Amino acid sequence: MTSGNGKPAYWKPEEETLARTALEALQLDRLKKTVGRVFDAVPFYRKKFEDAKVKPDDVRGLADLARLPFTTGADLRSIYPTGMLAVPLDEAMRLHTSSGTTGKPKALFFSRRDVDNAAELCARSMVATGVTRQDIFQNMMTYGLFTGAFVMHYGAEKIGALVIPAGPGNTERQLMLMQDFRTTTIHITPSFALYFADFLEKKGLDPRKELNLKRAFVGAEPYTEATRRKIEEGLGLRVFNSYGLSEMNGPGVAFECQEQAGMHLWEDHYVMEIINPETGQALPDGESGELVLTTLLREAMPIIRYRTRDITSIVAAPCACGRTHRRIQRITGRADDMLIVRGVNIYPQQIERVLMSVPKVGRNYLITLDGLDEMTVKVELSEFGFDGQLEHVVELQNQIAAQLRAEILIKPKIDLVPPGTLPISEGKAKRVIDNRKL
Ligand code: ADP
Ligand code: ZN
């Protein structure tokens, strides 16, 4: 497993480097089984298939997937709590839910094998970044109904790394654990990572000299390359992009390898498609659209053609690491996140990209929309961004407004605020507040 000879390390090389033809044959075999199982065992799917006039036998090749109906987040809510179970309830071993911001959450069941498979994929993902049993893994994600912390916890245990189930928040204690147990690897949201970097900076603590951190798995919310660099600089480690969603087991769906150039999506467990979110039509490799995922091995709750709402594209070119599973690009946003301001389509990540490229700008920001399309971007100055001269602040505000205008075609009001004044969330960051009454 370790790469003493400089070769890339794999968790299970035969699974990760399977030839494409064999991998696709495996996908088709597993897809057929999954489709047959949900048709027989889940009335929700039987009805959906009947409405779409397709039968399991119609799936003869991977391309036939396009004939099957989509499953949406609304579908999952509509069958809450147990309507999508494909096994008797007593075979389900764990329940997670996914963000129920309004109304009922989505209930996700795992069988014993599902729990094990989720951990396998996390072990595979972590080893791809260089983790070994010598590593000390501080898991700074929320434990609880969310999949985020648990699934990675079990993956790290499978590798045999020492796991510290720290959970989020409590920066002083996090730091103490890192120092006392010489943490090498952390799992953290981008917003908490930026906050933690600020905290170290304020303490005057140089992580390169005083900590043993090597890498961070950063995911759960969209972030940009500029943010990756800020986290890498602020914490003195390498950031690996980690993608997952509770509907598909949580983390470990797609993960960056040591090449850090797109995330391998584990195609022996999922079939991916990229579609035009408006028309539902498939898009060719390389084009940006909505990621649609079908589970291939989930027992308790298989899901067919799940509309993730996440916007990305497929990188079909082989990766230098030797893994044959194709990669997806960094998620640029969610189809639901798109803001329409004065007729212009804007993703919050476009704004983040500009803000994080300005050196005097700190690590936290908040976009507010009011009245009839008035946009205000509140952004923190960095610790060294303010020299006490007001005209410099005004100058910087104008500069940021102009740069944003070039990117998003409208000029928001910029409100620079002192570091540490914007609220920081332990879970997913809330970056947009839409008060418009349109
Ligand atoms: P969990 O993070 O526990 O899986 P959710 O299922 O609520 O919880 O969140 C999944 C969503 O989080 C994804 O659909 C995606 O929008 C977002 N997400 C997860 N990882 C990333 C990532 N690396 N980059 C961008 N967005 C991400
Ligand atoms: Zn790779």
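Computed over heavy atoms, backbone and side chain alike; hydrogens, waters and symmetry mates excluded. Just so it is clear, the structure is predicted and the values come from calculations on it, not from any experiment. Start at 1 with the first residue, then count along the sequence. Each ligand, and each atom within it, is numbered from 1 in the order the structure gives.
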Open item on the list: Taking a cutoff of less than 4.0 Å between a non-hydrogen atom of the residue and any ligand atom, is H96 in contact with ligand 1?
Closed with: no

Open item on the list: Does ligand 1 come near enough to F146 that some N or O of the ligand is less than 3.5 Å from an N or O of the residue?
Closed with: no

- [ ] Begin from the C-alpha positions of E352 and T224 and carry the test side chain to side chain donor-acceptor pair (under 3.5 Å) through to its verdict.
- [x] CA-CA 7 Å; E352 177 176 316; T224 59; 3.2 Å; yes

Task: Nearest candidate to atom 22 (C) of ligand 1, where distance is taken over non-hydrogen atoms, out of S242, G250, G333, P222 - done: S242

Task: E247 neighbourhood, listing ligand 1 atoms whose heavy-atom distance to it stays under 4.0 Å - done: 6 (O)

Task: Winner among G144, G244, A335, A220 once heavy atoms are compared against atom 10 (C) of ligand 1 - done: G244

TODO: Under 4.0 Å, heavy atoms only, figure out whether ligand 1 is touched by the backbone of I331, its side chain, both or neither.
DONE: side chain

Task: Carboxylate-amine/guanidinium contact R436 D370, below 4.0 Å - done: no

TODO: Check each atom of ligand 1 against the heavy atoms of G148 and keep those under 4.0 Å away; list them by number with element.
DONE: 3 (O)

TODO: Compute the ring centroids of F70 and Y306, then answer whether they are less than 6.0 Å apart.
DONE: no

Task: Side chain, backbone, both or neither: R309 near ligand 1, heavy atoms under 4.0 Å - done: neither

Open item on the list: Exactly one of H269, R298, H96 should register a side chain to side chain donor-acceptor pair (under 3.5 Å) with N249. Which one does?
Closed with: R298

Task: For the Zn ion (ligand 2), the closest N/O/S atom belonging to H264 - done: NE2

Task: Atom of A107, atom of M301 and distance for their closest heavy-atom approach - done: O-CE, 3.2 Å

Open item on the list: Taking 4.0 Å as the limit for heavy-atom contacts, which would you say applies to S98 with ligand 1: side chain only, backbone only, both, or neither?
Closed with: side chain

Open item on the list: Below a 4.0 angstrom heavy-atom separation, can you tell me which part of P251, side chain or backbone, both or neither, approaches ligand 1?
Closed with: neither

Open item on the list: Checking contacts here: is it the side chain or the backbone of E221 that comes within 4.0 Å of ligand 1, counting heavy atoms only? Could be both or neither.
Closed with: backbone

TODO: Considering the heavy atoms of N241, write down every atom of ligand 1 situated less than 4.0 Å from one of them.
DONE: 22 (C), 23 (N)

- [ ] Check whether more than 12 heavy atoms from other residues, nucleotides or ligands sit under 6.0 Å from atom CZ of R20, and answer yes or no.
- [x] yes

TODO: Could you tell me whether some N/O pair between T147 and ligand 1 is separated by less than 3.5 angstrom?
DONE: yes

Open item on the list: Keeping R238 on the side-chain end and A216 on the backbone end, is there a donor-acceptor pair under 3.5 Å?
Closed with: no

Task: Lys/Arg N to Asp/Glu carboxylate O, R363 vs E380, below 4.0 Å - done: no

TODO: Give yes or no for whether the N/O distance cutoff of 3.5 Å, strictly under, is met between T308 and ligand 1.
DONE: no

Open item on the list: Looking at R431 and D337, is any side-chain nitrogen of the basic one under 4.0 Å from a carboxylate oxygen of the acidic one?
Closed with: no

- [ ] Is it possible for you to check whether R330 lies under 6.0 Å from the centre of the six-membered ring of F240, through NZ or CZ, and within 45° of that ring's axis?
- [x] no

